[in-house]
Structure formats: structure tokens, C-alpha cells
Amino acid sequence: MGKSLTHKILESHLVEGKLIPGEEIGIRIDQTLLQDATGTMAMLEFEALGLDSVRTECSVQYVDHNILQGDHKNADDHRYLQTASMRYGVHFSPPGNGICHQVHLERFGVPGKTLLGADSHTPSAAGVSMFAMGAGGLDVALAMAGRPYYFPCPKVLGVKLNGRLPDWVSAKDIILELLRRYDVKGCVGKVIEYYGPGVETLTATDRLTIGNMGTELGATSTVFPSDEQTRRFLEAQGRAEYWTELAADPDATYDEYDQIDLSKLEPLIACPSSPGNVKSVRDVAGIKVDQAIIGSCVNSSFRDLMVVAGVLEGRCIHRDVFFHINPGSRQVLENVVFQGGLMALLMAGARVHESGCLGCIGMGQAPGTNQVSLRTFPRNFPGRSGTKGDQVYLCSPETAVAAALKGVITDPRDLGEEMEYPKVGEPEKYLVDTASIVFASPSYRETQVIRGPNIRPLPLMDPLPETLEAKVLLKVGDNISTDGIMPAGSDILPLRSNIEALSEFAYCKLDDDFSTKCKEVRAAVVVGGENYGQGSSREHAALAPRHLGVRVKIAKSFARIHKANLCNFGIIPLEFKDPTDYDVVQEGRDVRLEGIRERIARGDEKIPLEVGGKTIMTRLDVSARQREYLLAGGALNFVKQGLMK
Ligand code: MIC
Ligand code: SF4
């Protein structure tokens, strides 16, 4: 039986377990990636392990999220990350150099290697055929220390691509089509592997777009073959020597199958306020648009910006639309300048920004009251833009620029009546810029790590008691994202390395009083529906509630990264055995987990929970290692215990 490329890469990296879907496996991690919003904590965690340097082939620290400098905090964190990177052998990409996923593809990605990143969109590296996953910061810190990464062995969904995309339809529409089919939890526990004749029509950055938003489907990772397109991209980036050819066996079998005829796709758009709320652009055409933004890690490549520049050549954007361009990397912008695209963008009236996450993580660019914003971003969870009740749509650069020209949502194919589709291919050679990257060097090992006052040590966490009594302080519905649990934005993000201050904001968008209520109880419970904790990988969505006293979360189901983060920080992730019990566990109720310590230590999967005079059954579906973490009160306690022994 032929093998999928996913299985080939996993097999060559497997250090523990068997490739049986659902069973825990451990794989060797070749490369790691940190960004600043999750990375400050992860770097502190790495330091706590007491090693002299990282033990990977390549580890990179990016600064791209917290780049507003309203006071000393973010700038202090940047200097900490730079000096710690130099000290421990990590490459450092400073603020302004670009968004982690775009820069990683350009400068560091290597086909067939594994990459673990403290950012949920790490599967963007599928663009150069890496097996890349997002994880919590602590898991990445452990990988930096040379430890394997453990996760449930995924199923492989093989998606066959046929045909070629029509004009005005692009890679974003392919992944939106899958989101239309599967919605935001349809690919949980799966790797999406693309194959078939349509694959070779997609460039490396098209593949980045598709891999990036596989995350929005709940997928563990996305895999593309490494072929002529990959070789061309690496060569154009001056890194031809890293290319190897990789593909599934011709008779490969997959756990599940699907296919897309690229030639039949039409422009699609995700409506407010979920990436899974996908409609055809035609169906929502005519809605007045106030803001359009091209940018974020999913659509800010050279191709994306040049298509937009091509459309805008000699034209002006509509007077009622504020139009922004957030380049994916400084190198992207330099290439756009070199090829003459910047002039068209500026003359059309675009606001061209420095490269970084910017509005995608609520660092500026918030839309006004009741305003409609079209963005090429990967996420539009409620309020993520920074504006309450926001109306954010996600679409391709083609659809965004069509709206910017016309002032209303417009099918970009309609532009075909006025102009030719500006096709943009991969240049033969990109201008390559590595000037601002601080590459790791043994000569930096003596660097003094500089810590600003915003960097606070991790609060201590107590081990799990014999029996747990707690109050249900919050009950939420399906698909609550980690943005809902631990919001970001320019006020809150700078506190990511100060857990005490940060935790005051936990759940603030769902319940203003949550942190105050927590102070009145000894231990707290949060109840959720399906796919609880989807979205961002931020471990702060476990760390901050834990600091406030949340010891148990009960949900119908959990998203992969969040569930791992809960175990890492000693919060017990229980699932309802009977989903209708969701109705029994109401806000304000007291719950009791009798003998919970012993049950977890024994390996019990069924956990009885007393609530309001009734006992309901819940399920604890975690690995033996995660049980140890829960007993110790968190992975760091567990690792420390080991060191003390
Ligand atoms: C996001 O897109 O939500 C983020 C911000 O990049 C996060 C990481 C974070 O919360 O810092 C992610 O995707 O993991
Ligand atoms: Fe940055 Fe947005 Fe990408 Fe997250 S999704 S890495 S915030 S650009």
C-alpha cells in the first residue's frame, strides 16, 4: 500500500508511538518558531529549563505582533527577545522585518522538515512542504530544548486538486471553499494533504495561503508535495540548495478523500463573525464597504500586493473606503517597490504600513461603529478587530480591491469588463534582504539578557488536591475562540509577559466581572460547548484563567492546541459523556470531583461529577504524560520535580 507524504514525513521523525489515528505520538522537531505575543512567555519557559543553547537545527524568534510602542512595555520585550535569542542560539527577526510565517517561508523553511511554532498559523510553512504545527509556548520551549512534540496521531484527508483557477479567483478561494464545506471544526484531528494535477498550478505563496487557513478548519497541519514550484521559489529566494523533491507514493491511500475542480471555483467570502460563515461574493454583492485591508500572514505576499497594484494602476479607490496595505515582510515591500508596484498603490490612495500583524490582532486599524470591513485576514472572530459588534468579512486580495474601487462588495470578475486580470507569477529572482536579521552565532553566547520591568516571573501553581470543590462561574456556547477567552488588542497584548496584570482581562468580552467573581471562590469551573478554545495557540488562554483559580473546564469538545495548553497549566479538560448534560451544569452551581487526584493517577477515563444533587459522567481523554502534568499542577511543576529528583 502506497504512503501519503504526511506518513512519510511523520515516520522519518517518529520517536514514540505508532501511526494509528487518535493514539499519542511523539515526533522529532527540526525547527521552531516563536513570535513576540506568545514568545516572551515561551522564552522565559525555555530559560527556566536551564540549558545553555537551543537543541534544534534552526530556531527563530520573530517580532511582528506587539509592534506598537505606546509605552516602554513592548520595546522592553523586544530587547529581551533579542538578547535572549543571541544568548541561546536563536535567529532574531526584529520588528519591521515581517510577519513570522511569511519571513519563515522566505528565509528558513526547508522541505520535509518538521516545524513547531507558538502560533496557530505555523502550517503556513506547507508553502515549502514542511510538516508544520502550531502549539502552546511551553510545548515549543520544550522542542527548543530538543524534546519531542507529543500530539494525537492525525487522520489524513487527501484533497485532490484538478484543473486551474480562473482569472480573478485565487488561493484564498480554495481554502474558503473548504471552509464552506467543513466549517471551523470539520478537520479537527486531521492533516489535509493536497495532491493531483491542480497542485502544480499553485505557487509556494498560494500554498502558504491554503496551509495557513487549514488552521481555521481545525486541522493539525497541511501538507503539499515539494515540486518544481517549490524549487523555483527557493531558487528565487537564493536558497536552491535546500530543495528536495517530495511526494506521496502514486498509489497512496488516505483515511478520507475529497476533491476540488479549481476551474469551477468562484470568489468566496467569509461573513461576520466566523471564518466558516462562507458565502459566494455574488450573494452578498452590493453591501456598502467602509474599510478594506490587504495583509496578514495569509495574504500579504509579493503576488498578492502586485495583483492589487495591477488592479489599481491608473485608478483611485472609492472616496468612502479607507484602504490599507500591510506587507507580509520588508522584503515583500522592497520587491513591490523594485517592480514598480508601490507607486500605483500610493497614487490610488492606499495607506501603506510597515509589515507586521497590525489590525489582524487588533493592533490598530479597528473599524468604526457599524462599519463594514473587508480583510484578506484568516480570522474574524467577534470583536477581534478591536470594535465591539464588528462587521468583518474575509476574502481574497482580488475581492478586497474590487470593493475598495467600487465602494461596495463586488465580485472581482466584474472588473474583467474594465481591465485585464493582472496575472502575477513568481519572479525569477527576488531581491533578498537579510540585513536586519540577527543570525545566531557562537560569538553571541556571552550576551547579557536584558529584562524590562514588564517581564514578571511565572506565578507559582499548586498541585491538584485530593478532592476538588468549585463553582461554575461561566457557561458559554459552541466554538468559543481563545480570542474570547483571553482577548488581544493594543491594551491587553503588552501584558503577555505579566500574568498577574493580564489575568484581570480573562473572559472580559464575555463577562466583565469574571476576574472579580474568581476572587470570591476557592476554585472555578468554566463550561463550554463544541470546539471550545478554537483559534489562536495562545497559552495565556489557559495560564490566565488558571492564575484566577479556574481548575476545571467542561465542554462538549475541545480544540487540539487549547486542550494541550490546559493540561500544560493544570486545568482539567473534561468532556460531557452525554452532551445533554450540558444543560445540567448551570452558572452558579457548585460542583464536586470526589477523589479526583486518585482517579487521574489511576488512569480513569470516566470521571463522575456531582452537581446540584445529581451525578453526571464526564470523560478525561488525555495521555499518561498529561495526567502527570495535571497531578503536578502543570507541566512546569512536573519538569521541575524531575530536575529535583
Ligand atoms: C492569532 O492570529 O490569533 C495570533 C495572535 O497570531 C495567535 C497567537 C497569539 O495569540 O499570540 C495564534 O494564531 O496563535
Ligand atoms: Fe499575525 Fe494575524 Fe497571522 Fe496571527 S493571524 S500571525 S495575528 S497576521
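Every number for a ligand or one of its atoms is a count from 1 in the order of the listing.
- Two residues are said to be in side-chain contact when any heavy atoms from C-beta on lie closer than 4.5 Å; F92 and L81 meet this criterion.
- Atoms of ligand 1 found under 4.0 Å from any heavy atom of I361 (numbered from 1 in listed order, with element): 5 (C).
- Under the 30°/60° scheme for interplanar angles, the aromatic rings of H101 and H121 are found to stand perpendicular.
- Contact annotation: the side chain of Y430 approaches that of E426 to within less than 4.5 Å [non-hydrogen atoms, C-beta and beyond].
- Among D64, D119, I99, T40, the residue whose heavy atom lies closest to atom 6 (O) of ligand 1 is D119.
- Residue A37 approaches ligand 1 through these ligand atoms, each under 4.0 Å from one of its heavy atoms: 11 (O).
- Nearest protein heavy-atom neighbour of atom 8 (S) of ligand 2: C297 N, 3.3 Å.
- Interface of R496 with ligand 1, defined as ligand atoms under 4.0 Å from a residue heavy atom, comprises 9 (C), 10 (O), 11 (O).
- Distances shorter than 4.0 angstrom occur between a heavy atom of R384 and an atom of ligand 1.
- At a heavy-atom cutoff of 4.0 Å, ligand 2 is contacted by no atom of E216, backbone or side chain.
- With respect to atom 13 (O) of ligand 1, the closest heavy atom belonging to the protein is S120 OG, 2.5 Å.
- Numbered from 1 in the order shown, with element, the atoms of ligand 2 that lie under 4.0 Å from a heavy atom of P378 read 5 (S).
- Shown in contact with H65 at under 4.0 Å from a heavy atom are these atoms of ligand 2, numbered in order with element: 1 (Fe), 4 (Fe), 6 (S), 7 (S).
- Taking a 4.0 Å cut-off on heavy atoms, H121 registers as neighbouring ligand 2.
- Of all the atoms in ligand 1, the ones that sit under 4.0 Å from a non-hydrogen atom of H65 are 4 (C), 5 (C), 6 (O).
- Across Q35, R379, H121, M41, heavy-atom proximity to atom 8 (C) of ligand 1 is greatest for Q35.
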